[in-house]
Amino acid sequence: MSLLNNILIGSVPATGFERYVDIAQSSFWPLVKGALTYTIPMTLIAFVIGLILAVTTALFRLSGNKLLSGIARVYISIIRGTPLLVQLFIIFFGFGSIGWKIDPFPAAVIGFSLNTGAYASEIIRASIQSIPKGQWEASSSIGMTYGQALKRVILPQAARVSIPPLSNSFISLVKDTSLASTILVTEMFRKSQEIVANTYEPLLLYTEAAFIYWVICFVLSLGQDQVENRLNRYVKT
């Protein structure tokens, strides 16, 4: 039986420092497990799908085709103009009310992917536009088509420019996944809410959850620095 269960049935002191230590110790693994099984996988899946959406949307916006450009503009405007929480509620509760029931985890992934796709598309579009026009002209002069120039010359350079802001979006997405608790995904924050409901220790549990979020984001920030340093090193040489 876990220490947390011992606390709940009253076999350990109900108050005092020892109680806080016992709750912190016994709740740590359930929170980490929530992060490993839901928070991190949900972030990775949503970011990859969102990135695909973002590249597609950015190319639509830069396209000379007014229909494609218009679709991209409407999509970005809707996502940027509405709160992420409302988007999740529409996907999970709204669609469920008309018979299109989606399970909590995929509903959260859809919501986060759409949100990431809209914001990241503007980052990618700006990165592509930051590449000097001379790069396009030079590619064309050696016989490259638009698609070849985009794939072989423009996108690799734009990727380096977009790494820092995209990394920030990824780190923000880790924290935003706490909103999935509102549509019943048992990720780390919802785990902490469940334990708070039994222990009545919100300060301790939410602080513990915040600490784990911080550790995850800190590790990701170190990874971001490594990637940026590596890319900048290639540029300098």
Side-chain angles (χ1 to χ4, degrees), residues 35 38-131 150 154-155 157-190 213 216-217 220-221 223-224 227:
Y38 286 99
T39 301
I40 294 176
M42 186 162 51
T43 303
L44 291 174
I45 296 171
F47 190 74
V48 170
I49 297 174
L51 210 52
I52 295 171
L53 275 174
V55 173
T56 305
T57 305
L59 294 179
F60 279 12
R61 285 252 3 226
L62 295 171
S63 168
N65 187 309
K66 291 184 178 180
L67 176 62
L68 296 180
S69 179
I71 292 173
R73 285 177 181 274
V74 170
Y75 162 56
I76 294 170
S77 177
I78 291 174
I79 295 298
R80 293 177 67 181
T82 55
L84 175 57
L85 184 60
V86 174
Q87 295 163 16
L88 291 174
F89 274 32
I90 290 174
I91 294 170
F92 184 68
F93 296 112
F95 288 166
S97 68
I98 59 174
W100 296 351
K101 184 173 176 55
I102 306 174
D103 290 335
F105 187 83
V109 168
I110 292 171
F112 292 132
S113 299
L114 289 172
N115 193 272
T116 300
Y119 281 95
S121 69
E122 290 297 88
I123 295 173
I124 293 173
R125 181 176 66 87
S127 299
I128 292 175
Q129 289 180 322
S130 72
I131 307 302
L150 188 67
I154 304 302
L155 283 182
Q157 298 180 74
R160 186 184 65 81
V161 176
S162 63
I163 286 294
L166 286 179
S167 298
N168 290 332
S169 296
F170 183 63
I171 292 173
S172 295
L173 181 59
V174 174
K175 295 175 286 186
D176 289 342
T177 57
S178 62
L179 292 175
S181 64
T182 61
I183 60 170
L184 312 179
V185 178
T186 317
E187 43 71 66
M188 182 171 64
F189 188 66
R190 186 167 180 82
Y213 277 117
I216 295 172
C217 292
L220 291 175
S221 298
Q224 176 186 353
V227 172

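Contact check for Leu184 versus Phe92: side-chain heavy atoms found under the 4.5 Å cut-off. Considering only heavy atoms from C-beta on, Leu59 comes within 4.5 Å of Leu150 through its side chain. Taking the side chain as every heavy atom from C-beta outward, Ile76 and Ser121 approach each other to under 4.5 Å. Side-chain contact between Ser221 and Ile171 is present, with at least one heavy-atom pair separated by less than 4.5 Å.
A donor-acceptor contact closer than 3.5 angstrom is absent between the side chains of Glu187 and Thr177.
Annotation: the span from Ile128 atom CD1 to Ile123 atom CD1 amounts to 12.5 Å, rounded to 0.5 Å. In this structure, Asn168 CG and Leu220 CG are separated by 11.0 Å, a value rounded to the nearest 0.5 Å. Interatomic distance, CD1 of Ile131 versus CZ of Arg160, reported as 7.5 Å (0.5 Å rounding). Put simply, CG on Leu85 and CD1 on Ile90 are 10.0 Å apart, with the number rounded to the nearest 0.5 Å. Between the CG atom of Leu44 and the CG atom of Leu173 there is a distance of 9.0 Å, given to the nearest 0.5 Å. Atom CH2 of Trp100 is separated from atom CD1 of Ile91 by 12.5 Å, given to the nearest 0.5 angstrom.
The backbone N or O of Thr57 lies less than 3.5 Å from no partner atom in the side chain of Tyr75, so there is not a single donor-acceptor pair. Remark: side-chain polar atoms of Asn65 are paired, donor with acceptor, to backbone N or O of Leu68 under 3.5 angstrom. A donor-acceptor distance shorter than 3.5 angstrom exists from the side chain of Gln87 to the backbone of Thr82, with no hydrogens or angles considered. Checking side-chain atoms of Ser77 against main-chain N and O of Arg73 turns up no donor-acceptor pair under 3.5 Å. A donor-acceptor pair under 3.5 Å links the side-chain atoms of Ser130 to the main chain of Ser127, judged by distance alone. Remark: the backbone N or O of Ser113 is not paired with any side-chain donor or acceptor of Thr116 at under 3.5 angstrom.
Smallest separation of non-hydrogen atoms from Cys217 and Lys175: SG-CG, 4.0 Å. Of all the heavy atoms in Ser69 and Ser63, the pair that sits closest is CB-O, 4.2 Å. Asp176 and Leu84 make their closest contact through CB-CD2, 3.9 Å (heavy atoms, listed as atom of the first residue, atom of the second, distance). Across every non-hydrogen atom of Ser181 and Arg190, the tightest pair is O-NH1, 3.2 Å. The two residues Thr186 and Tyr38 come nearest to each other via the heavy atoms O-CD1, 3.2 Å. Of all non-hydrogen atoms in Arg80 and Tyr119, the two that sit nearest each other are CA-OH, 3.7 Å.
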Criterion side chain to side chain contact (heavy atoms under 4.5 Å, CB included) on Lys101 and Phe95, from CA distance to verdict: CA-CA 6 Å; Lys101 184 173 176 55; Phe95 288 166; over 6 Å; no
Quiz item: After noting the C-alpha distance and the side-chain angles of Thr39 and Tyr213, does the key distance pass the side chain to side chain contact (heavy atoms under 4.5 Å, CB included) rule?
Solution: CA-CA 10 Å; Thr39 301; Tyr213 277 117; 4.3 Å; yes
Worksheet item: Are Ile163 and Ser167 close enough, and set up right, to give a side chain to side chain contact (heavy atoms under 4.5 Å, CB included), and what steps lead you there?
Response: CA-CA 6 Å; Ile163 286 294; Ser167 298; 3.9 Å; yes
- Stepwise, does the side chain to side chain contact (heavy atoms under 4.5 Å, CB included) test hold for Leu88 with Phe93? CA-CA 8 Å; Leu88 291 174; Phe93 296 112; over 6 Å; no
